[in-house]
Amino acid sequence: MDEKVLNGKKNGMKALLLVLLCYILDIIVFAFSVAYVDKAVTALPVIGLAASIIVFCTAWIFFCGLKVLKPQEALVLTLFGKYVGTLKDSGFYYVNPFCTAVNPAAKTRLNQSGDVTETGSIAAVVGAVQGSANLEITSNKLSLKIMTLNNSRQKINDCLGNPIEIGIAVTWKIVDTAKAVFNVNNYKEFLSLQCDSALRNVVRSYPYDVAPNVDTTGDGVADEGSLRGSSEVVAARIRDEIQTRVEEAGIEIIEARITYLAYAPEIAAVMLQRQQASAIVDARKMIVDGAVGMVEMALERLNEKEVVHLDEERKAAMVSNLLVVLCGNRDAQPVVNSGSLY
């Protein structure tokens with residue numbers, strides 16, 4: 001289904017004035033007919049009276065053809081089930097009064113989108129203006145604005161089988177109204193489901209953190225890609241995956257971002273201990289490397305200055321004591337030796 005934009009339909013004001021003029025003339029004819037129905041010998045006043053009543057009861061139909069569009073709104077019109085075109089530009093339009101606007105997703109609400117169902121205290125405010133709220137809810141206009149879908153968090157196993165929780169925010173807009181309305185049953189639900197499917201498909205290719213011998217790109221070579229360290233790359237792949245899936249629905253995916261990423265609660269504590277252990281090992285390694293360098297420097301300086309001459313056994317004892325002091329978690333407790341070193 002290809003979109004057909006209706007141009008040259010901005011005759012709403014002219015049509016409104018003509019219908020109002022028709023009603024004014026009809027009232028005048030009705031008044032004169034009532035005034036002369038008993039005085040005239042001919043049946044002309046009776047015919048005028050009947051015609052004015054018929055016009056008064058049926059002319060309202062032309063008001064159904066008046067359509068008002070604000071910026072970034074569209075109306076998909078059908079006539080007796082046939083697609084006739086789309087109104088996209090803002091303005092006051094007049095179309096066939098028997099045309100109906102179609103929007104199967106008018107009552108569908110997406111989380112964090114432009115048509116969120118309000119809750120809490122805001123719901124009370126919405127309830128106070130129930131008339132205008134109902135009008136907006138039941139409107140069949142399509143919004144062409146950029147909207148955001150914040151999908152709920154999902155529990156997915158990464159490529160190593162670890163359960164994680166992840167959530168994404170997808171920025172999208174409608175670019176083809178005909179495809180959005182006619183190619184899918186409900187384009188909002190379709191978008192939400194395709195976001196879930198694409199997210200699962202991409203996340204299963206990555207580990208949560210960098211892991212050895214893992215190929216995340218599919219080129220057969222192990223790399224260092226991960227959900228935590230390559231969030232920009234993962235988000236780009238998710239965006240491309242969703243765009244491929246919703247192309248037939250006339251939707252453009254502008255951006256996809258990871259909004260939440262964490263291990264599932266059942267393994268979060270264990271993984272935290274693992275990360276802490278890894279951090280402790282790295283820190284100890286750095287401390288040992290620094291301590292060994294300091295011991296080497298101390299021995300070299302003692303030899304250069306010829307402060308003291310140590311045999312191999314005393315050097316080993318000195319190295320041991322320095323490493324204990326430099327690598328220990330507590331402050332050193334010095335022992336004063338009042339006797340001979342040997």
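Throughout, numbering of the chain's residues begins at 1 and tracks the sequence.
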Between [X] and [Y] (side chain of the first, backbone of the second, donor and acceptor by atom type, cut-off under 3.5 Å), is there such a pair?
| X | Y | result |
| --- | --- | --- |
| S192 | K188 | no |
| S320 | A316 | no |
| E3 | D176 | no |
| Y93 | L6 | no |
| T259 | G167 | yes |
| S226 | G229 | yes |
| K141 | A106 | no |
| N11 | A15 | no |
| E73 | K70 | yes |
| S231 | R228 | no |

Smallest separation among heavy atoms of [X] and [Y], with atom names:
| X | Y | result |
| --- | --- | --- |
| G225 | Y206 | C-CD2, 4.0 Å |
| K88 | L69 | N-CD1, 4.2 Å |
| P97 | C64 | O-CB, 3.7 Å |
| A180 | I174 | CB-CG2, 4.1 Å |
| I53 | D26 | N-OD1, 4.5 Å |
| I168 | C195 | CD1-O, 4.4 Å |

Can you find a heavy atom in the side chain of [X] that is under 4.5 Å from one in the side chain of [Y]?
| X | Y | result |
| --- | --- | --- |
| L160 | V214 | yes |
| T216 | C159 | no |
| V181 | P104 | yes |
| Q243 | E252 | yes |
| Y263 | Y208 | yes |
| L299 | V319 | yes |
| V102 | N140 | no |
| E165 | Y260 | yes |

Problem - Salt bridge K179-D2, side-chain N to carboxylate O under 4.0 Å - result: no
Handout entry: Salt bridge present between K155 and E266 (N-O < 4.0 angstrom)
Key =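 Between E266 and K155 there is a salt bridge, with a charged N closer than 4.0 Å to a carboxylate O.
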For residues [X] and [Y]: do they belong to one hydrophobic cluster (side chain heavy atoms under 4.5 Å, members Ile, Leu, Val, Met, Phe, Trp, Tyr)?
| X | Y | value |
| --- | --- | --- |
| I28 | I54 | no |
| L87 | M13 | yes |
| L20 | I27 | no |
| I253 | I146 | no |
| V281 | V210 | no |

Handout entry: Ring centers of Y83, F182 separated by less than 6.0 Å
Key = yes
Spacing of [atom1] belonging to [X] relative to [atom2] belonging to [Y], to within rounding of 0.5 Å:
| X | Y | atom1 | atom2 | value |
| --- | --- | --- | --- | --- |
| L66 | Y94 | CG | OH | 7.0 Å |
| T177 | L75 | OG1 | CG | 9.5 Å |
| I251 | M147 | CD1 | CE | 8.5 Å |
| D289 | R284 | CG | CZ | 13.0 Å |
| I166 | R200 | CD1 | CZ | 11.0 Å |
| L16 | L21 | CG | CG | 11.0 Å |

Problem - Check: D196/N151 side-chain N/O donor and acceptor closer than 3.5 Å - result: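 The answer is yes; a qualifying pair exists.
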Problem - Residues T78 and T100: side-chain donor-acceptor under 3.5 angstrom - result: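 Yes, side-chain donor-acceptor contact under 3.5 Å.
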Practice task
Would you please test R237 and E241 for salt bridge (charged side-chain N to carboxylate O under 4.0 Å, His left out) and show each step?
Solution key: CA-CA 6 Å; R237 286 189 62 180; E241 182 83 10; over 6 Å; no
Exercise for the section: Take V95 and K67 through the side-chain contact (heavy atoms from CB on, under 4.5 Å) test and state the conclusion after the steps. Expected result: CA-CA 8 Å; V95 297; K67 307 293 182 182; 4.1 Å; yes
Practice task
In sequence, state the C-alpha distance, the side-chain angles, and the governing distance for K173 and L144, and then conclude on side-chain contact (heavy atoms from CB on, under 4.5 Å).
Solution key: CA-CA 6 Å; K173 67 177 181 178; L144 303 180; over 6 Å; no
Handout entry: Within 6.0 Å of CZ in F92, more than 12 heavy atoms from elsewhere
Key =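 More than 12 heavy atoms, drawn from other residues, nucleotides or ligands, come within 6.0 Å of this atom.
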Exercise for the section: Step by step, work out the side-chain contact (heavy atoms from CB on, under 4.5 Å) result for F190 and N185. Expected result: CA-CA 8 Å; F190 180 77; N185 185 47; over 6 Å; no
Practice task
Determine, stepwise, if the pair R257 / E255 fulfils salt bridge (charged side-chain N to carboxylate O under 4.0 Å, His left out).
Solution key: CA-CA 7 Å; R257 291 290 178 183; E255 187 181 39; 2.8 Å; yes
Practice task
Test V246 against Y187 for side-chain contact (heavy atoms from CB on, under 4.5 Å), laying out the working first.
Solution key: CA-CA 9 Å; V246 301; Y187 64 88; over 6 Å; no
